[in-house]
Amino acid sequence: MIITMIENATELEVSQIVEHLAAGEFQSRISQNGRVHIAALGKGRAEEIEKLRRFSSVADVAKAEQPYVLASWQMKPERSVVRVKAVEIGAEKAVIMAGPCSVESREQTLSTARFVAANGAVMLRGGAYKPRTSPYEFQGLGIEALKILREAGDETGLAVVTEVMSEEDVETVGQYADMFQVGARNMQNFALLRKLAKTRTPILLKRGASATIKEWLLAAEYLLAGGNENVVLCERGIKTFETATRNTLDLAAVALAKELTHLPVIVDPSHGTGVRSLVAPCAKAAIAVGADGVIVEVHPNPKEALSDGAQSLTFENFAALTAQIAQPIRSIASLN
Ligand code: PEP
Ligand code: MN
């Protein structure tokens, strides 16, 4: 259930409702954007909800329309803007995150960071812990990579996003990263989500390759329910019968997710297509359907990349893309 308080409800009135809900064995989550909305969560005593209508501080009591209560517009009728250092995701300007699939060396990461920072990126991506399909493939440099990312971020001013693969790495990754990435393979690793929810570090939640939109939003709900509101969704392609592309980039899911949730949504056309030449057209399409930004893989020499070379942009490709993603495309999206 979602309780909407009257305009200008006082803190005391809000805490009275929260106490009433606690007595009825409901948990509460509050969202405050002009009006206060209180979500009554869990399996409490329904009759206590009915009594809420008698409080003069309560304007409305409504059934939650979606199972992902906290992620829904009903709970927060205002776009969420997630701040990662100075970067605002979900605000007017589409954000560009870029960097190598994997951190391979200091030189490779620093040169990429310098180039993308000078050419429109505001965040640096790079994998330190890599979820590779084969155990014999490059698994990432771990802590050494985290240190390189931090150095590159500090030098260039780019905020750093990197994947955390397991619960035991949350603390270490959190010491170096400005934003955690939950990879597609871990979207429903609920123990990891619960642990990340206890931090205040922003989280980029990738859609699982076989996850429905509802499952993706419910994974986000784990983070919100656990106390971390700084969640950004990322569409990165799903598995279909098609084999010509690595995944099938589901841009309709982006437009739909924006209808279903107040959370920002970005797109990863690199993993979404697996094909270098398709990254720029799909990045532009992503912005046109309303994405709040894109995350793309860039490598100084894709042929030599230790992972995902076939989908990595060269520096030249990246500069050409960002020149095109600027303001005009965002205005097409705002015409919708
Ligand atoms: C990545 O971003 O390098 C990655 C492994 O992404 P995904 O989890 O979407 O496959
Ligand atoms: Mn990759």
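The structure presented is a predicted model; accordingly, all values stated were derived computationally and were not measured. This chain uses plain numbering: 1 for the first residue, then up along the sequence. Note that ligands are numbered from 1 as they come in the structure, with each ligand's atoms numbered from 1 the same way. Keep in mind that the numbers below use all heavy atoms, side chains included, and drop hydrogens, waters and symmetry copies.
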Ranked by distance from atom 9 (O) of ligand 1, the top protein heavy atom is Arg236 NE, 2.7 Å
of all protein heavy atoms, closest to atom 4 (C) of ligand 1 is His271 NE2, 3.5 Å
Discussion item. Can a donor-acceptor pair be found, under 3.5 Å and without considering hydrogens, that links the side chain of Asn228 to the backbone of Asn230?
Written reply: yes
For Asp308, the N, O or S atom at the shortest distance from the Mn ion (ligand 2) is OD2
Do Ile96 and Ile325 have side chains that get closer than 4.5 Å, going by heavy atoms? yes
Atom name of the N, O or S atom of His271 nearest to the Mn ion (ligand 2) is NE2
Quiz item: Which of parallel (below 30°), tilted (30 to 60°) and perpendicular (above 60°) describes His20 and Phe55?
Solution: perpendicular
side-chain contact (heavy atoms from CB on, under 4.5 Å) test vs Met123 passes for just one of Leu158, Leu204, Val160, Ile89, namely Ile89
Contact between ligand 1 and Arg207 is defined here as a heavy atom of the residue under 4.0 Å from a ligand atom; is it met? no
protein heavy-atom neighbour closest to atom 2 (O) of ligand 1 works out as Arg125 NH1, 2.8 Å
Worksheet item: Does Cys234 offer a backbone N or O that forms a donor-acceptor pair with the side chain of Arg207 under 3.5 Å?
Response: no
Quick note on ligand 1: atoms under 4.0 Å from a heavy atom of Glu297 include exactly 3 (O)
Here the N/O/S atom of Glu297 closest to the Mn ion (ligand 2) would be OE2
In this structure, atom 8 (O) of ligand 1 is nearest to the protein heavy atom Ala184 N, 2.7 Å
With hydrophobic residues grouped by side-chain heavy-atom distances under 4.5 Å, do Met97 and Phe318 end up in a single group?
no
Atom 5 (C) of ligand 1: of Gly208, Pro131, Cys234, Gly272, the nearest heavy atom sits on Pro131
of all protein heavy atoms, closest to atom 6 (O) of ligand 1 is Lys206 NZ, 3.0 Å
Heavy-atom side-chain contact between Gln188 and Glu215 under 4.5 Å: yes
Return a yes/no value for Glu163: is any of its N or O atoms, backbone included, closer than 3.5 angstrom to an N or O of ligand 1? no
Side chains of Asp308 and His299, donor plus acceptor under 3.5 Å: no
* Determine whether Phe180 and Val173 make a side-chain contact, defined as any pair of heavy atoms from C-beta on separated by less than 4.5 Å. => yes
Closest to atom 3 (O) of ligand 1 (heavy atoms only, candidates Lys130, Arg246, Met97) is Lys130
A student checking ligand 1 against Gly183 at a 4.0 Å heavy-atom cut-off should list atoms 8 (O)
query = Is there a nitrogen or oxygen of Asp268 sitting under 3.5 Å from a nitrogen or oxygen of ligand 1?
reply = no
* Asked: For the hydrophobic clusters of this structure (ILVMFWY residues joined by side-chain heavy atoms under 4.5 Å, transitively), does one cluster hold both Val81 and Ile287?
  -> no
